[in-house]
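I'd like to ask some things about the structure below.
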Amino acid sequence: MRSGQARLAIDYGSADTTAVLAWPDGTWTPLLFDGEPALPSAVLLSEDGTTVTGHHAWRAAPATPHRFIPHPRQPSEQRLTVADTDVDPLDLVAATLRHVAEQAHQLAGTGIDDVRLVVPAGWGPRRRTWMRHAAHRAGLPPPQLIDAPTAVAGHLLATGLQLPVGAYIAVCDVGATAEVSVLRRGPAGFEVLATLADPTAGGTAIDDALTTTLTTNPFGADGQRWAMVASLRAGKHALTDHPAVTVPLPDGPAVVLHTGLLDQAAQPVLHRIAHLTTEAITAAELTPRDLTGVYCVGGTARLPLLAQTLTDAGITPTLVDQPTLAAARGAADAGATNTTDPTTTDEPVPPVRRAAAIALPGFASLALVSQFLLTPEWRGSLMYREAVLNWGELTMAAVFAVIACLSAGTVLASTIASRTTTPTSPGIHTGTGILAAASLGVAVSGMYAVVGSLYVGYPVNGFLRWTLLPITPTITAAAVMALIAARQWRTPAGGWSRLLAFPTGSVITAAAGMLLIQYSLTADRWPHLILWIDLAGRVGGLLLGIGTVMAVVSQPILRLILSAPLAVITAALVSWPASGILGAIYAIAVTTWWLRQMWTHLLRPHRPPQ
């Protein structure tokens, strides 16, 4: 007996049920039912009230077809009538789950407390609750429900597939029905971006088409019909290993089933699956080229024609190893004790330098607003004094306050997203953080205006004009970026915190430049210091121009080319009348930086690393 508590994962499908037992050391084994890994989900309600499950139900169906239910998994509110008796589908599903639980207890040799149930990604809360009730009625402990595509993605990681954080994949689950989902790998797991299902595009539809093709009376007596479907299902599965098989029919001589006939019957269904896959990728606002891979699972996925049909539609599929067990194995975390890639993170916890990147614009803002308030130039007589203020310095103080708030909000939200265990998208946390930070930045800028008005003794209108108006374009761009993050239209490589990290070199250079400019405008004009004070102002103008270019341009060569002319212009503008223009120039540069980030990561399609 293996050490540790076993985990039981059950993939209860519309036609078949598979289950896996896994142990903490990574070993696992599939449950076998009559020697096969797939247990038919069909049940038969016998006359004495007992429920016959699995292969026994199929074998008994020809004798009592009116008591046979091939697909017990019904909508949660639906009721069934079997042999004039009202039946709750919950009891039928519970019978199959009970059968699986008994087999698992027998194999594990002990009780099982950890149970995972695989459910379609498109199921809502009502159907998920219905499935929990079925598990409870079957005597299972409270199960953990796992979306089928998420379970398959976990299986891919457990088998060694390298999927970096930020990669997109599609899972084409084709069993009795079809469900196609598009997922993105995040730091805490996989996020389902889009899922589409079609109950008419799967193995059941192919069985019906085969029945119509090979028999003269496909809708004969119910007993003959179920015997015929059972024979054709067995023959269809045998074609995966043989080019042709002989299939006995209850209402006539045996027929030869070969791959040509199967392809003819399956072709319309498989074309619908290819169309469904394309629709799901489009619904996720991606293209096939954006995907790391398209992975096919389920019994019908074994058909060679499915891969050809998807390829003809511009989609390159990969058949997952053991496609019928992939979801159950992934739900059980079988074969791997850790499916998290520690070398890549989408929303990394910020290092010390990111904390410094938040603090620097904050300290720069405080330094600028302090100098602005403490160094006004007073002109006039005692009866009438007028303060000459460096409005550009107040503007830059407000801009740096907004930068500091936005950097802090983005990083903190990204950190929360990286630590959460809920399936919430990291982008939702980031979008919320950006909006909250933008509001805080506006509040701080408004506070600067009010404090300046009270300290200097001037009406607040002018102060608000130089604090709120220059930051309005930046706040608007940040709000749009928050919407992009929340919607996950484009997820940048490295995460939102890296994308929205404003260049600290620009902050340091521009802040130092404005501090020198204000010093040159307000310092005492001793004769022997005039030259040095004027020189400090020109140097400050040069630094402000360089910092502006550093905000707009990221390539070092372009920075060198553009810095020289702009630095000369800003140095020449250093004066009291032009101080506001200098601050406005930098505010425009910050807005341009946000718009550039939006252009790079929204309008240009992002492709995950291969």
Side-chain angles (χ1 to χ4, degrees), residues 354 357-366 368-369 372 391-414 427-453 460-490 492 496-504 506-507 510-511 514 547-548 550-552 580-603:
R354 288 295 293 122
I358 299 172
L360 283 174
F363 287 133
S365 176
L366 292 175
L368 290 172
V369 75
F372 169 81
W391 296 113
E393 187 170 35
L394 181 61
T395 293
M396 289 186 62
V399 170
F400 285 140
V402 170
I403 293 175
C405 291
L406 288 173
S407 298
T410 303
V411 171
L412 291 176
S414 301
I428 294 177
H429 291 283
T430 303
T432 304
I434 293 174
L435 290 178
S439 301
L440 179 61
V442 172
V444 172
S445 300
M447 181 189 69
Y448 285 174
V450 173
V451 172
S453 172
V460 75
N461 295 348
F463 293 86
L464 291 174
R465 184 184 307 115
W466 288 100
T467 54
L468 297 186
L469 286 182
I471 67 173
T472 298
T474 300
I475 294 298
T476 303
V480 175
M481 190 67 84
L483 176 62
I484 295 170
R487 286 289 306 276
Q488 291 286 282
W489 287 345
R490 291 291 184 264
W496 290 103
S497 61
R498 180 179 298 180
L499 169 66
L500 303 181
F502 190 82
T504 55
S506 172
V507 172
M514 181 53 76
T548 301
M550 292 175 68
V552 177
I581 297 176
L582 294 175
I585 289 174
Y586 191 77
I588 293 172
V590 174
T591 301
T592 304
W593 180 86
W594 276 86
L595 294 176
R596 187 193 69 184
Q597 302 304 94
M598 209 178 308
W599 169 268
T600 302
H601 296 277
L602 176 62
L603 298 183

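Only a predicted model underlies this, so the values are computations on that prediction, with no experimental measurement involved. Position 1 is the first residue of the sequence, and the numbers go up from there.
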Relative to the ring of Trp391, is the ring of Trp466 parallel (under 30°), tilted (30 to 60°) or perpendicular (over 60°)?
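Ring orientation of Trp466 relative to Trp391: parallel.
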Work out which heavy atom in Arg465 is nearest to a heavy atom in Pro470; give both atom names and the distance.
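Between these two residues, the closest heavy atoms are O-CD, 3.3 Å.
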Shortest non-hydrogen contact between Ala510 and Met396, atoms and distance:
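Looking at all heavy atoms of both residues, the shortest contact is O-CE, 3.6 Å.
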Closest approach of Ser453 to Phe463 (non-hydrogen atoms, all atoms of both residues):
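Closest approach of Ser453 to Phe463: CA-CE1, 3.6 Å.
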When rounded to the nearest 0.5 angstrom, what is the spacing between OH in Tyr448 and CG in Leu368?
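Between Tyr448 OH and Leu368 CG, I get 8.5 Å after rounding to 0.5 Å.
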Test log, rule side-chain contact (heavy atoms from CB on, under 4.5 Å), inputs Leu582 and Tyr586
CA-CA 7 Å; Leu582 294 175; Tyr586 191 77; over 6 Å; no
Out of curiosity, Ile434 CD1 to Ser407 OG, how far, rounded to the nearest 0.5 Å?
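Answer for the CD1-OG pair, Ile434 versus Ser407, is 10.5 Å.
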For Ala551 versus Ser506, what's the shortest heavy-atom pair and its separation?
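Taking every non-hydrogen atom into account, CB-OG, 3.4 Å.
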Considering non-hydrogen atoms only, spot the tightest contact between Val442 and Leu468 and give its length.
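It is O-CD2, 4.0 Å.
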May I have the step-by-step check of side-chain contact (heavy atoms from CB on, under 4.5 Å) for Thr474 and Val399, ending in yes or no?
CA-CA 9 Å; Thr474 300; Val399 170; 5.9 Å; no
Sub-3.5 Å donor-acceptor pair from the side chain of Thr592 to the main-chain atoms of Ile588, do we have one?
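Looks like yes, one N/O pair under 3.5 Å.
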For Thr395 and Gly583, which heavy atoms make the closest approach, and how far apart are they?
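What the structure gives for the nearest pair is CG2-O, 3.7 Å.
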Quick one: do Leu406 and Trp594 satisfy side-chain contact (heavy atoms from CB on, under 4.5 Å)? Show the steps, please.
CA-CA 11 Å; Leu406 288 173; Trp594 276 86; 3.3 Å; yes
Side-chain touch Trp593/Val590, heavy atoms, less than 4.5 angstrom:
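Of all side-chain heavy-atom pairs linking Val590 with Trp593, none is under 4.5 Å.
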Could you grab the distance from atom CZ of Phe400 to atom CG of Leu366, nearest 0.5 Å is fine?
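Here the rounded value is 12.0 Å.
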Quick one: pull up OG1 in Thr504 and CE in Met550 and give me the separation to the nearest 0.5 Å.
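One gets 7.5 Å once the value is rounded to the nearest 0.5 Å.
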Atom CD1 of Ile475 and atom OG of Ser445: how far apart are they, to the nearest 0.5 Å?
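Reported to 0.5 Å precision, the distance equals 7.0 Å.
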